[in-house]
Amino acid sequence: MNSASSHITVRPARLDSATGRALPRGLAAFLVFFSSGAVLVLETAALRLVGPYVGVTLQVTSSVIGIALAAIAYGAWAGGWLADRRDPRTLLAPALVLAGIATAVTLPVVRYAGEVLRGGAASAILLLVALAVFVPAMLLSAVTPMVVKLQLADLRRTGQVVGRLSSIGTLGAVTATMVTGFVLVAALPSTVILLGLAVSLGLTGLALGWWLRRTAGRQVTGPARVSAGLAALGLLGAGLTTVAPNPCDIETAYHCARVEVDPGRASGRTLLLNSAQHSYVDLADPTHLEYAYTKWIGAVADVIAPAGRRLDALHLGGGGFTVPRYLTATRPGTDNVVFEIDGGLVELGEEKLGVRQGPDLRAVVGDARTLVAAESAESRDLVVGDAFGHLVVPWHLATREMAAEIRRVIRPGGGYVQNVIDYPPLRFIRSEVATVAAEFRHMALIAPQAALAGEQGSNFVIVASDEPLPLTALRERLSAVDPGATVLDGAALAGFVDDALVLTDDYAPVDQLLATA
């Protein structure tokens, strides 16, 4: 053996980088953290953006998550593919600026398209969510593999580099999710959040392009100029937001809300949440009940105890505070406690809907499920369930366990009345009646005959008690306030329910039951 062979040095394998120069570690970490976080800000804000047009249901939430994940997958694949074919240093700045433009343009695109795609059809939901999320999320997700490519120089450190940047990207996503959900959504309208994100992405892209040009000379001059041109286009796209239709007067933490004046009644006000009519109040006459379901609830309250006797009433969901105001006007001294999850609606009610808190009305901001659990046993004469997320009763308020908690707080002789919206084939209302009936001994259901026959969608009002219900008095009262209402009870109600599923905390597919066949 030649003695020289014993002195052969094995050098560490190196990866062929397009430029041979990595980004500073801090800059690389920032780009991955920022771009990954921006995807989650966009995803969270997109729920608020599409809600006024297609609601905030399980299908909408699933669509936003699914399409965002698809965008992340395609973006990561495309970013890695491009990074192997071109110098990533020439791609990073344009990718960020393009993502900023796409984010800014999302606002007018969704608002114009939303007016056309209103409703809960699956195709409309998927298309509108895709318009809101896919392009900017895909562009942002291309950033991480480009940065990874630049940072890989030594095969012995590949796992360390990829693992560190992957961890940083995940931390960016987690941080953005928490900050957006706990801070930004509560403090800012979604328009401001998205435009702020768009500006931040654009400025970051321009600053990165300037820095790369300065450190690499002419090598990235062209892309830097392209980034500047794209930024100008982004400003033009963002300007379209000022003329795009806006369905909200205000954005609360949970709703896009608007109050409209009734053109036929000067003192009438309609509260719209996510563009759906939610409540109607007459500022001059709290005894005026405009919607049929409120007349039915009022009729139940009118007969559940002697006329004019005060009640201790608990309301799950405030909305326009129509029923609490009615009870106060018709039964002086009534104690109304309202559990409303959206503090912004309480403030809106005080500003525009004549809500006045005091000895006869107290609004408690929080989730009705947890607040009911803290109520004393046998403390209420009447519980009114009128909580909705868009047009859907939140699933955790529709289970047998929730019905048991409500039964616990109702005094002997008291009652529970629950508003439900359903459409043919009426799977949810049947299940909800079966669920409430599993806890209460006596039941009735109020609805138009055509709705009970499965011919149309409608509000349904469930009435429940452990004591026999005053059905004769209820039918008489309903004939006076709404002759079109029908009351089902006994064998007729049992036949309507048939073998419907009883909903529990372990299994309550409310959104699927509401989906039309």
Side-chain angles (χ1 to χ4, degrees), residues 44 47-48 51 55-58 61 177-188 250-257 271 273-274 278-279 281 297 311-325 327-328 334-353 355-410 414 416-420 436 503 505 508 510:
T44 306
L47 280 169
R48 309 297 304 281
V56 184
T57 64
L58 180 61
T61 303
T177 300
M178 295 298 183
V179 171
T180 306
F182 283 89
V183 180
L184 295 182
V185 168
L188 299 170
I250 66 166
E251 282 192 63
T252 69
Y254 293 88
H255 298 100
C256 162
L271 172 65
L273 300 180
N274 298 325
H278 188 277
S279 303
V281 300
I297 295 174
L311 297 173
D312 289 319
L314 177 62
H315 305 262
L316 313 182
F321 291 78
T322 306
V323 175
R325 295 175 75 244
L327 293 180
T328 298
T334 289
D335 176 34
N336 291 288
V337 176
V338 179
F339 293 162
E340 171 56 59
I341 196 170
D342 193 343
L345 283 188
V346 176
E347 295 176 3
L348 182 63
E350 292 174 334
E351 293 173 5
K352 296 188 175 183
L353 299 176
V355 174
R356 300 289 181 269
Q357 295 199 54
D360 55 5
L361 174 61
R362 291 176 290 124
V364 181
V365 177
D367 188 280
R369 179 67 182 264
T370 58
L371 292 173
V372 167
E375 283 287 293
S376 301
E378 298 185 359
S379 59
R380 298 289 160 183
D381 301 303
L382 176 67
V383 176
V384 179
D386 193 18
F388 285 86
H390 193 53
L391 301 178
V392 180
V393 178
W395 74 268
H396 67 305
L397 304 184
T399 64
R400 180 172 182 175
E401 290 84 350
M402 179 62 176
E405 284 294 328
I406 292 170
R407 178 172 175 261
R408 180 184 63 82
V409 304
I410 294 176
Y416 174 44
V417 54
Q418 181 187 4
N419 178 31
V420 172
V436 177
L503 307 176
D505 283 354
V510 171

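Of the listed residues (Leu503, Leu58, Leu397), just one forms a side chain to side chain contact (heavy atoms under 4.5 Å, CB included) with Val510, and that residue is Leu503.
Counting only distance, with no hydrogens or angles, the side chain of Arg408 and the backbone of Val372 share a donor-acceptor pair below 3.5 Å.
In this structure, Arg380 and Asp335 have side chains that are in contact, with non-hydrogen atoms separated by less than 4.5 Å. Side chains of Asp360 and Thr334 form no contact here, defined as non-hydrogen atoms less than 4.5 Å apart. For the pair Val393 and Gln418, the minimum side-chain heavy-atom distance is below 4.5 Å. Looking at Thr180 and Arg48, their side chains never come closer than 4.5 Å, going by heavy atoms from C-beta outward. Annotation: side chain of His315 is in contact with side chain of Leu327 (closest heavy-atom distance under 4.5 Å). The side-chain heavy atoms of Asp386 and Val323, taken from C-beta on, include no pair separated by under 4.5 Å. Side-chain contact between Glu401 and Arg369: present, with at least one pair of heavy atoms (C-beta onward) separated by less than 4.5 Å. Between Leu348 and Asp342, the closest side-chain pair of non-hydrogen atoms is not below 4.5 Å.
Residue Asp367 comes nearest to Thr370 through the heavy atom pair O-OG1, 3.0 Å, listed as atom of the first residue, atom of the second, then distance. Counting all heavy atoms, side chain and backbone alike, Pro324 lies closest to Leu361 at CB-CD1, 4.0 Å.
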